[in-house]
Amino acid sequence: MPAPRAGPPAHRKAPAKDPPMDLKLQLLDTFHAKGDDGKDYKVCAYERQRRDDTVHDGQDHWLPTGVIEYRLDSGEQIEPHADGSMVALHSGVRLTRSA
């Protein structure tokens, strides 16, 4: 029996590379919050950045957008409220920033 070949079969094309991302998240801060379920959570604050296509030097360049996004360290998105509370969008847990 022949040994298995490495790589994709000859009749299949290798998957195309993903196009470069136009947005990325830059970590700004992390803090702890208490959930209304009694659990402690770590919240991460990110700024969205967009690709700067005006510089062509072979490097990736990013510009701040001024948009802040909050996520649990698990990646779940957080919606902040004017009163300082936050809600985890997927689970619905209401969070209050720990002192």
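Excluded from the calculations below are hydrogen atoms, water molecules and symmetry mates; all remaining heavy atoms, backbone and side chain alike, are included. Computed from a predicted structure; not experimentally measured.
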Side chains of V87 and H81: does their closest heavy-atom pair fall under 4.5 Å? yes
Side chains of Y46 and Q26: does their closest heavy-atom pair fall under 4.5 Å? no
Rounded at 0.5 Å granularity, tell me how far CG in L28 sits from CD in E47. 5.5 Å
Determine the minimum heavy-atom distance between P80 and M86, stating which atoms define it. CA-CG, 4.0 Å
Carboxylate-amine/guanidinium proximity below 4.0 Å for K34 and D40: yes
Which atoms form the tightest heavy-atom contact between K39 and D37, and what is the distance? N-OD1, 3.1 Å
May I have the list of side-chain donor-acceptor pairs in residues 88-97 shorter than 3.5 Å, sequence neighbours left out?
unit_1, atom_1, unit_2, atom_2, d
S91, OG, E76, OE2, 3.1
S91, OG, V93, N, 3.4
R94, NH2, S85, OG, 2.8

Stepwise side-chain contact (heavy atoms from CB on, under 4.5 Å) test for V43 and T30: CA-CA 6 Å; V43 178; T30 61; over 6 Å; no
Show the atom names and distances, to 0.1 Å, of all donor-acceptor pairs under 3.5 Å that link a side chain in residues 63-71 to residues at least two apart or in another chain.
unit_1, atom_1, unit_2, atom_2, d
T65, OG1, R48, O, 2.7
T65, OG1, V67, N, 3.2
E69, OE1, R48, NE, 2.7
E69, OE1, R48, NH2, 3.0
E69, OE2, R71, NE, 2.6
E69, OE2, R71, NH2, 2.7
R71, NH1, G75, O, 2.9

Determine, step by step, whether L27 and C44 satisfy the side-chain contact (heavy atoms from CB on, under 4.5 Å) criterion, reporting the C-alpha distance in whole Å, the side-chain angles of both residues, the deciding distance to 0.1 Å, and the verdict. CA-CA 7 Å; L27 181 65; C44 303; 3.9 Å; yes
